[in-house]
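Data first, discussion second: the structure below is written as structure tokens.
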Amino acid sequence: MAERITGHTELIGLMAYPIRHSSSPAMHNEAFAYLGLDYAYLAFEVDNSTLEDAVKGLRALKLVGSNVSMPNKTVVHKYLDELSPAAEMCGAVNTIVNDNGKLIGHITDGTGFMQALKDNDIDVIGKKMTIAGAGGAATAIEIQAALDGVKEMSIFNIKDKFWDNAVNTVEKINTNTNCRATLYDLNDLDALKKEIADSYMFTNATGVGMKPLEGKAVIPDTSFLRPDLIVTDTVYSPAETELLRMAKEVGCKRMNGFGMMLFQGAAAFKLWTGKEMPIAHMKEVLG
Ligand code: NAD
């Protein structure tokens, strides 16, 4: 560490709460060390009550940038100078870039997911997808998939506090992109079965499948799946959710949330350093 950190080392942060479980510090610091880049990445416990001061600190200390996670993603834009078009459309920021004192907010979750699909030879462009979720991860994926050219999107969510967000997302997609989006209640299992049946891909972007909902899935049984359906999950811990276990049983091609995590990080890494993250090495170390 004495050799690694010098008076020249530049700092990149992560502002969220809780955050000690995050794999982002290990990922970015490993990539900096591997490429010999003089940066350090540290996680800071910051919630909405300390976020404004933390961003002021970021400016004052001239950090290169920061990641932002829950509960700050939809709040931090208030303290920034500019937003990328995708961050503006999602109403969320996961990456701050300090461009000579101007703080620019980006969202890399959606591009991370789309890049992970490419990395797995899954091509949803021009096709129909069905997706469950209306929170941060789901919104970023839905907006980016629509911007990238998915033709039709059926979005399902339960009628909880995220429902209004889903209504909003569908309206934004239908107004601003060529994708046709429709919203359904996730409890309408007939509609869910019907929409999955003529989709190329089904994605779970809810918290169902990870703690405290580990062992659960947004579909009740394997009759909702077929062997040529692609099934993806944003959850990466556990690596195999109940949904992906069912998909394996049916013989579907599957992708968990690891690639999304890796490629959202790689996109942020490129924004801060101008360099490509060493993906093959990172897969070896983290995968
Ligand atoms: P969020 O809190 O913003 O959204 C939660 C979503 O889950 C909402 O759509 C909500 O309606 C739904 N939900 C919650 N309880 C439910 C239930 N009992 N039944 C059905 N739906 C339910 O969370 P988020 O940040 O969008 O995260 C969602 C998932 O995506 C999490 O599993 C998270 O781990 C994962 N995620 C992965 C990455 C990645 O890089 N792979 C990044 C962000 C989030």
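For ligands, and for the atoms within them, numbers begin at 1 and follow the listed sequence. Throughout, numbering of the chain's residues begins at 1 and tracks the sequence.
- Aromatic rings from F224 and F202 are positioned such that their centres are separated by 6.0 Å or more.
- On a distance-only criterion, G136 and ligand 1 share at least one N/O pair closer than 3.5 Å.
- The distance criterion of under 3.5 Å between nitrogen or oxygen atoms is not met by M210 with respect to ligand 1.
- The nearest heavy-atom contact from the protein to atom 2 (O) of ligand 1 is F162 CZ, 3.4 Å.
- Using modelled atom types and a 3.5 Å distance limit, the side chains of N94 and S69 yield no donor-acceptor pair.
- Nearest non-hydrogen protein atom to atom 42 (C) of ligand 1 is M260 CE, 3.9 Å.
- Using a non-hydrogen distance threshold of 4.0 Å, V218 does not register as a contact of ligand 1.
- Where the criterion is an N or O separation shorter than 3.5 Å, residue side chain and backbone included, F258 fails it with respect to ligand 1.
- For ligand 1, none of its N or O atoms has an N or O atom of Q264 under 3.5 Å away.
- Only the side chain of V208 comes within contact range of ligand 1, with a heavy atom under 4.0 Å; no backbone atom does.
- At under 3.5 Å, not a single nitrogen or oxygen of K73, backbone or side chain, sits near a nitrogen or oxygen of ligand 1.
- An N or O contact shorter than 3.5 Å links N157 to ligand 1 by distance.
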